[in-house]
There are 2 protein chains.
Amino acid sequence: MLKEERQKYILDQVHLHHRVLLNDLSEALNVSIDTVRRDVKELHKEKKLKKVHGGATSFGFMTFSKNDGNVYLQSKKIIIAEKAASLLKSGQIILMSGGTTNLELVKVFPRKIELTVFTPSLHIALELMEFPNVEVIFLGGKLLHEAKFAIGGTVVNSLSQIRVDMLFLGTGYLDPKHGLTEFDWEVVQVKKAMIESAKKTVILSVSDKLHSVQRYQTCDLNAIDILITELSPIDAFLDPFREFPIALL
Amino acid sequence: MLKEERQKYILDQVHLHHRVLLNDLSEALNVSIDTVRRDVKELHKEKKLKKVHGGATSFGFMTFSKNDGNVYLQSKKIIIAEKAASLLKSGQIILMSGGTTNLELVKVFPRKIELTVFTPSLHIALELMEFPNVEVIFLGGKLLHEAKFAIGGTVVNSLSQIRVDMLFLGTGYLDPKHGLTEFDWEVVQVKKAMIESAKKTVILSVSDKLHSVQRYQTCDLNAIDILITELSPIDAFLDPFREFPIALL
DNA sequence: ACTAAAACAGCAAATAATTGCAATTCGAAA
DNA sequence: TTTCGAATTGCAATTATTTGCTGTTTTAGT
């Protein structure tokens, strides 16, 4: 493996997780810990990351910005958000799950057109409070501490009573064979109900999450109407998805 | 775990709750108290937080002295919060309205005892996400943009289906003659339902809001069980409230 | 002033970083 | 293709950090 590749991998890991351990890198890259150490030292000198005792962190790790400082991933999400925002039309009733990509979408919401948004996500709801033109209805229930997301019968029940124009699903992993998958079973239940309530289902996903599978299935690809990634719709990476009735955006 | 991660966690906690105890940090981070102490010492040197006996606080945190009559509003709210927190017992089911005083209460929530909290306030819910020992159920509904508070039939309806041990009402104006009053009619409806659902109603109010009246009445003073202010319970300012069956704290 | 809790200082074990050196790889010139 | 030299890599010995523990001193709240 080339040194360049190694260093790119290290940088990617740092950007993705904000911190890495030298031990993990050494194991993942199949090189001695000394080599990794030297790489990190070098990248530190080039100000590409911050070397710390036992590992490395991204710059901005110790700052308290809501966005995760991962420029690569972040910009992908913004591209996706812009595309998704173009689907919004005045008067629509929207349903939004949680996830950072959806949060990015909210940030680029139009300030002119009137919308109604249902959501079980604390973060989404809070962000939407900034928009006087958006009526926000929170789907209440027991909250998951990590995801800040309401789950359980109350949410599913509320969902069964509404019918929305469009659903933006922001998290989850997508695979041609296994469809949309999650690791939390409770969240899957809520998302299933969401899909039931929506006329159109839109998936927002960075390409990293394509061709990945998690434990529980939310739905198969036939249930999805529009798939938005940061890639151009003609990208070959998306080919396996073309055999389904999905609009690529 | 990296030292940097630990320190970031400490800083996050300090910024979120204004203050932290070394013991809590030590337990949460699974390191000895000495390590936490050293971390805090270091962060203190870097002026990232303020080290105090037994813990740390953020810099913006107003300290107050007992003999100094000029007490800041924030400090008043913290005094109230401490008193209110002393009422909490393990296993209780709590109902909390919104308001900055209630938010202050959440920040000093005990980290040991198990609680269940119902709330229609985004801020309260979000803050409670930090407490693994607290189960949080959000009372969903249409959200008020300013107050970040859920109102409407859904909330009232949900409230009619629950019975809680204690209600902490954090906002509103209190007057011996006119009782508890608000300026938002929708909020009044929710608070009325809250009082109905609670075995005990506790009002958290800075003294500034006593002897003040707003447009709509939530309840009269007979509905209130405990009134907590930053004042000593024997303060003459509270005398007019003594003719009601209210415990002053 | 007294007491319990917290802070501190010093020590030792564990872990990480650095340095020097030898073995290997890689690339350009003969 | 071969060969030389520079760069890269792994290893071992040394040095530096980090961390938990000890006993002692200091502090805060009665």
Side-chain angles (χ1 to χ4, degrees), chain A residues 1-11 13-14 17-59 61-62, chain B residues 1-11 13-14 17-58 61-68 71 75 78-79 81-83 85-86 108 110-113 230 232-234 249:
Chain A
M1 173 173 253
L2 253 50
K3 184 176 143 189
E4 240 177 67
E5 291 178 77
R6 231 174 34 226
Q7 298 200 350
K8 172 158 171 38
Y9 177 84
I10 294 173
L11 276 180
Q13 288 299 306
V14 167
H17 301 116
H18 305 164
R19 55 121 239 197
V20 280
L21 304 180
L22 295 191
N23 272 321
D24 292 347
L25 288 174
S26 158
E27 197 169 327
L29 293 165
N30 252 331
V31 290
S32 81
I33 195 144
D34 302 72
T35 304
V36 174
R37 214 189 295 284
R38 273 187 275 245
D39 281 337
V40 167
K41 205 174 188 174
E42 219 172 287
L43 291 167
H44 175 82
K45 269 205 184 106
E46 297 170 22
K47 306 233 185 282
K48 300 267 179 67
L49 50 69
K50 195 170 158 195
K51 187 165 82 73
V52 299
H53 198 91
T57 71
S58 63
F59 282 109
F61 178 72
M62 286 290 264
Chain B
M1 175 174 246
L2 247 40
K3 191 173 117 183
E4 271 63 26
E5 289 179 81
R6 236 176 27 226
Q7 299 197 349
K8 175 167 167 48
Y9 177 85
I10 294 172
L11 279 178
Q13 290 298 308
V14 166
H17 300 121
H18 298 321
R19 55 167 228 182
V20 281
L21 302 179
L22 296 192
N23 271 321
D24 292 340
L25 289 174
S26 159
E27 196 170 327
L29 292 165
N30 253 329
V31 290
S32 81
I33 197 146
D34 301 73
T35 303
V36 173
R37 210 190 299 284
R38 274 186 274 242
D39 281 336
V40 167
K41 204 174 186 176
E42 219 172 285
L43 292 167
H44 175 82
K45 267 202 185 115
E46 297 170 22
K47 308 235 182 278
K48 301 267 179 66
L49 52 69
K50 198 168 155 194
K51 188 163 79 73
V52 298
H53 196 87
T57 72
S58 68
F61 189 79
M62 293 288 176
T63 51
F64 50 89
S65 64
K66 284 162 205 159
N67 37 15
D68 181 18
V71 183
S75 315
I78 291 165
I79 296 171
E82 302 273 2
K83 289 187 191 176
S86 71
V108 297
R111 300 195 162 264
K112 295 285 169 73
I113 71 179
E230 85 281 6
S232 157
I234 56 166
L249 209 72

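Below, chains carry the letters A, B, ... as their sequence lines are ordered, and counting in each starts from 1. Everything numeric in this text was worked out from a predicted model, so none of it was measured. No hydrogens, no waters, no symmetry mates; every other heavy atom, side chains included, goes into these values.
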Protein-nucleotides 22-27 of chain C N/O pairs under 3.5 Å:
none

In whole angstroms, the gap separating C1' of dT19(D) from CG of Asn30(B) amounts to 14 Å
For Ile33(B) and Arg37(B): C-alpha separation, side-chain torsions, deciding distance, then whether side-chain contact (heavy atoms from CB on, under 4.5 Å) applies.
CA-CA 6 Å; Ile33(B) 197 146; Arg37(B) 210 190 299 284; 3.8 Å; yes
Rounded distance [0.5 Å steps], CG in Leu43(B) versus CG in Leu49(B)
5.0 Å
Please enumerate all residues that pass side chain to side chain donor-acceptor pair (under 3.5 Å) together with Lys51(A), with sequence neighbours excluded.
none
Side-chain heavy-atom pair Val108(B), Arg19(B) within 4.5 angstrom cut-off:
yes
Only counting residues at least two apart or in another chain, list the ones meeting side chain to side chain donor-acceptor pair (under 3.5 Å) with Lys3(A).
Glu42(A)
Taking only heavy atoms on the protein side, list every residue of residues 21-29 of chain A lying under 4.0 Å from any atom of DNA chain D, sorted numerically.
none
Would you kindly give the CG-to-C1' distance between Leu2(B) and dT17(D), to the nearest whole Å?
13 Å
Mind calculating the distance between CZ (Arg6(B)) and C1' (dT15(C)) to the nearest angstrom?
13 Å
Could you tell me the separation between the OG atom of Ser58(A) and the CD atom of Gln13(A), rounded to the nearest 0.5 Å?
12.5 Å
Rounding to 0.5 Å, atoms NZ (Lys41(B)) and CD (Glu46(B)) come to a distance of 13.5 Å
So, is Lys3(B) close to the dT18(D) phosphate, meaning a side-chain N or O under 4.0 Å from OP1 or OP2?
yes
Under a 4.0 Å heavy-atom cut-off, which of residues 38-48 of chain A touch DNA chain C?
Lys41(A)
Ile33(B) CD1 - dA9(C) C1' separation (whole Å):
17 Å
For Thr35(A), which residues count as a side chain to side chain donor-acceptor pair (under 3.5 Å) partner, sequence neighbours excluded?
Ser32(A)
So, is Ser32(B) near the phosphate of dT19(D), with a side-chain N or O under 4.0 Å from OP1 or OP2?
no
Could you give the NE2-to-P distance, from His53(B) to dT27(D), as a whole number of Å?
9 Å
When the distance from CZ of Arg37(B) to P of dT22(D) is rounded to whole Å, what number comes out?
15 Å
In this structure, how many angstroms lie between the C1' atom of dT9(D) and the CG atom of Asp34(A), rounded?
9 Å
Determine, step by step, whether Glu27(B) and Asn23(B) satisfy the side-chain contact (heavy atoms from CB on, under 4.5 Å) criterion, reporting the C-alpha distance in whole Å, the side-chain angles of both residues, the deciding distance to 0.1 Å, and the verdict.
CA-CA 6 Å; Glu27(B) 196 170 327; Asn23(B) 271 321; over 6 Å; no
